Student: 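Okay, handing you the structure first.
One-based numbering along the sequence shown. What you are looking at is a predicted structure, and each value in this text was computed from that prediction instead of being measured. Computed from heavy atoms alone, side chains included, the values below leave out hydrogens, waters and symmetry copies.
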Amino acid sequence: MTGATGHVGGELIAQLAAAQQPVRAMTRRPEVMQAPPGVEVVYGDCDDEASLDAAFDGADRAFLMSAQVPCSAKRPTHDLRLVRAARQAGIRHVVKLSVYDGGSVDDALGAWHRQAEAAVTGSGLDWTLLRPGRFMSNALQWAPAIRRSDTVHIPFAHRPAAPIDPADIAAIAVAALTTDGHDNMVYQLSGPEIRTPTEELRILAETLGRPLRLVEPTIDQAKTGMLRAGMTHAVVEAIVARVLAGGDGAEVLATVERVLGRPPRTFADWTRNHAGAFLAAD
């Protein structure tokens with residue numbers, strides 16, 4: 001499992017371990033990773049190809065997730081190296097965590113994600129693509145501010161989406177990795193309801209039992225923040241253009257219920273499960 005310490009990867013490892021599946025978690029810092037009992041933790045770094053070969057050796061299925069910043073290189077080198085390592089190891093099925101539009105938009109982000117998906121679909125391996133919309137766990141970005149005060153700065157706070165719990169994405173990945181019928185399938189994923197970040201903050205405030213005040217930065221301020229976070233100008237402009245165009249990801253899809261046989265979790269469910277992240281330490 002790559003991306004072992006991410007929002008989806010962590011949930012995936014926990015669910016596979018709970019199902020008593022043999023799991024190997026790859027991370028750049030195995031010495032600090034806290035994994036469930038029975039999970040093998042190994043070192044792996046997409047900038048160290050030899051480490052990937054060692055990490056993949058002996059596995060037969062793999063979950064591929066890259067944290068490489070889009071457009072930080074001429075092409076998605078981390079995805080390309082992960083696929084190469086999977087083929088070298090004789091992996092028979094890979095599940096790739098992608099993005100909602102799968103790279104269909106004609107901009108810098110789209111070109112990047114098209115190449116990343118093509119590395120998987122053109123690999124000769126059996127594959128499953130997961131294309132989730134906005135993560136509910138994006139709200140964790142607000143946690144430091146909420147632990148300090150009642151004011152939260154949220155860019156694009158009125159943009160609607162159908163956010164999904166990473167635990168539901170992980171459950172789809174578990175199904176694809178451990179059961180038949182998912183070879184060469186593309187799963188576009190959403191949560192069960194349309195929400196804006198403004199509405200999400202209100203739900204979180206209700207869960208925490210305290211008032212929370214939203215401040216929405218201007219578009220220019222949002223751009224400055226993204227650039228400071230390390231995004232390229234091309235990526236920032238693509239993100240803003242997509243937000244202003246609206247609509248992408250603002251649709252409730254039936255995929256989660258169809259694959260799992262149950263409805264996806266709501267944002268209120270997610271806040272109850274993660275309320276502790278927003279509480280100040282005693």
Side-chain angles (χ1 to χ4, degrees), residues 1-70 72-99 102-103 112-131 166 169-187:
M1 302 295 110
T2 65
T5 58
H7 292 173
V8 176
E11 293 280 1
L12 175 56
I13 289 167
Q15 290 181 30
L16 287 169
Q20 297 186 326
Q21 293 284 339
V23 182
R24 178 183 298 162
M26 188 186 90
T27 174
R28 289 179 297 175
R29 300 182 64 193
E31 70 279 2
V32 300
M33 181 176 173
Q34 296 181 344
V39 173
E40 178 187 5
V41 180
V42 299
Y43 167 74
D45 188 333
C46 288
D47 290 320
D48 177 0
E49 292 196 62
S51 74
L52 299 183
D53 291 334
F56 278 69
D57 185 44
D60 64 349
R61 291 159 290 174
F63 175 76
L64 305 184
M65 180 268 170
S66 168
Q68 187 176 22
V69 177
S72 59
K74 291 183 178 179
R75 55 183 185 159
T77 53
H78 287 191
D79 287 284
L80 295 169
R81 292 167 185 166
L82 288 171
V83 171
R84 183 207 59 78
R87 292 182 62 185
Q88 178 70 22
I91 296 287
R92 61 181 177 85
H93 189 121
V94 296
V95 176
K96 157 71 175 168
L97 182 62
S98 187
V99 294
W112 179 273
H113 291 299
R114 282 195 300 275
Q115 293 181 74
E117 285 200 356
V120 171
T121 59
S123 66
L125 307 174
D126 287 331
W127 50 264
T128 307
L129 295 179
L130 307 185
R131 293 177 175 173
I169 303 171
I172 298 286
V174 169
L177 289 165
T178 63
T179 63
D180 295 332
H182 306 282
D183 290 359
N184 306 331
M185 299 291 288
V186 177
Y187 292 136

Student: Supply the atom-to-atom distance Arg24 CZ to Leu16 CG, rounded to the nearest 0.5 angstrom.
Tutor: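 Nearest 0.5 Å value for the CZ-CG distance: 14.0 Å.
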Student: Does a side chain donor of either Asp183 or Trp127 reach within less than 3.5 Å of an acceptor in the other side chain?
Tutor: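 Checked: Asp183/Trp127 side chains show no N/O donor-acceptor pair below 3.5 Å.
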Student: Between CG of Leu177 and CD1 of Ile172, what distance do you get to the nearest 0.5 Å?
Tutor: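 With rounding to 0.5 Å, CG (Leu177) is 11.5 Å from CD1 (Ile172).
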Student: Please give me the minimum heavy-atom distance between Ala119 and Val83, naming the atom from each residue.
Tutor: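 Shortest heavy-atom separation between Ala119 and Val83 comes out as O-CG1, 3.4 Å.
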Student: Is a donor on one side and an acceptor on the other found under 3.5 Å between the side chain of Thr2 and the backbone of Met65?
Tutor: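 Flag set: sc Thr2 to bb Met65 pair under 3.5 Å.
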Student: Report the C-alpha distance between Thr77 and Cys46 in whole Å, list the side-chain angles of each, state the deciding distance to 0.1 Å, and finish with yes or no for side chain to side chain contact (heavy atoms under 4.5 Å, CB included).
Tutor: CA-CA 8 Å; Thr77 53; Cys46 288; over 6 Å; no
Student: Quick one, Asp79 with Glu117, criterion side chain to side chain contact (heavy atoms under 4.5 Å, CB included). Give me CA distance, side-chain angles, the key distance, then yes/no.
Tutor: CA-CA 8 Å; Asp79 287 284; Glu117 285 200 356; over 6 Å; no
Student: Between CE of Met1 and CG of Leu64, what distance do you get to the nearest 0.5 Å?
Tutor: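 Interatomic distance, Met1 CE to Leu64 CG, rounded to 0.5 Å: 9.0 Å.
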Student: Locate the shortest heavy-atom distance separating Ala17 from Val39; write the atom from each residue and the value.
Tutor: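 For Ala17 and Val39, the tightest heavy-atom pair comes out as CB-CG2, 3.9 Å.
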Student: Looking at every non-hydrogen atom in both residues, tell me the closest pair between Ser98 and Gly102 and how far apart they are.
Tutor: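 Minimum heavy-atom contact is OG-CA, 4.4 Å.
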Student: Does any part of the side chain of Arg29, heavy atoms only, come nearer than 4.5 Å to the side chain of Thr5, both counted from C-beta?
Tutor: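 The answer is no, as the side chains (C-beta and beyond) never meet within the 4.5 Å cut-off.
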Student: Do Arg87 and Leu125 touch side chain to side chain, with heavy atoms closer than 4.5 Å?
Tutor: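 SC-SC contact between Arg87 and Leu125 confirmed.
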Student: Can you see which heavy atom on Ala62 is nearest to which on Phe56, and at what distance?
Tutor: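 In terms of heavy atoms, the two residues are closest at CB-CE2, 4.0 Å.
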Student: Report, as yes or no, whether the 6.0 Å neighbourhood of atom CZ on Arg28 holds more than 12 heavy atoms from other residues, nucleotides or ligands.
Tutor: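 Open.
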Student: Has Thr128 got a side-chain atom pairing as donor or acceptor with His182's backbone, closer than 3.5 angstrom?
Tutor: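 It does hold such a pair.
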Student: Walk me through whether Asp45 and Met26 qualify under side chain to side chain contact (heavy atoms under 4.5 Å, CB included).
Tutor: CA-CA 8 Å; Asp45 188 333; Met26 188 186 90; over 6 Å; no
Student: When rounded to the nearest 0.5 angstrom, what is the spacing between CG in Leu80 and CD in Glu49?
Tutor: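 Here the rounded value is 9.5 Å.
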Student: If we ignore hydrogens and angles and just use 3.5 Å, is the side chain of Gln68 paired with the main-chain N or O of His78 as donor and acceptor?
Tutor: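 Pair found, side chain donor or acceptor close to backbone of His78.
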Student: What pair of heavy atoms forms the shortest contact from Val94 to Ala86, and how long is it?
Tutor: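 What the structure gives for the nearest pair is CG1-CB, 4.1 Å.
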Student: In a check of side chain to side chain donor-acceptor pair (under 3.5 Å) between Arg81 and each of Asp53, Asp47, Asp48, which one passes?
Tutor: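 Only one of Asp53, Asp47, Asp48 forms a side chain to side chain donor-acceptor pair (under 3.5 Å) with Arg81, namely Asp47.
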Student: With a sphere of 6.0 Å drawn around CD of Glu31, does it hold more than 12 non-hydrogen atoms of other residues, nucleotides or ligands?
Tutor: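 More than 12 heavy atoms, drawn from other residues, nucleotides or ligands, come within 6.0 Å of this atom.
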Student: Without hydrogens or angle criteria, can the side chains of Asp60 and His93 be said to hold a donor-acceptor pair below 3.5 Å?
Tutor: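 There is no such pair (donor and acceptor under 3.5 Å, judged by atom type) between the side chains of Asp60 and His93.
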Student: Taking all non-hydrogen atoms of both residues, which atom of Ala4 and which atom of Met33 are closest, and how far apart?
Tutor: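 Distance-wise, the nearest heavy atoms are CB-CE, 3.8 Å.
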Student: In Å and rounded to the nearest 0.5 Å, what is the CG to NZ distance from Leu130 to Lys96?
Tutor: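 Between Leu130 CG and Lys96 NZ, I get 10.0 Å after rounding to 0.5 Å.
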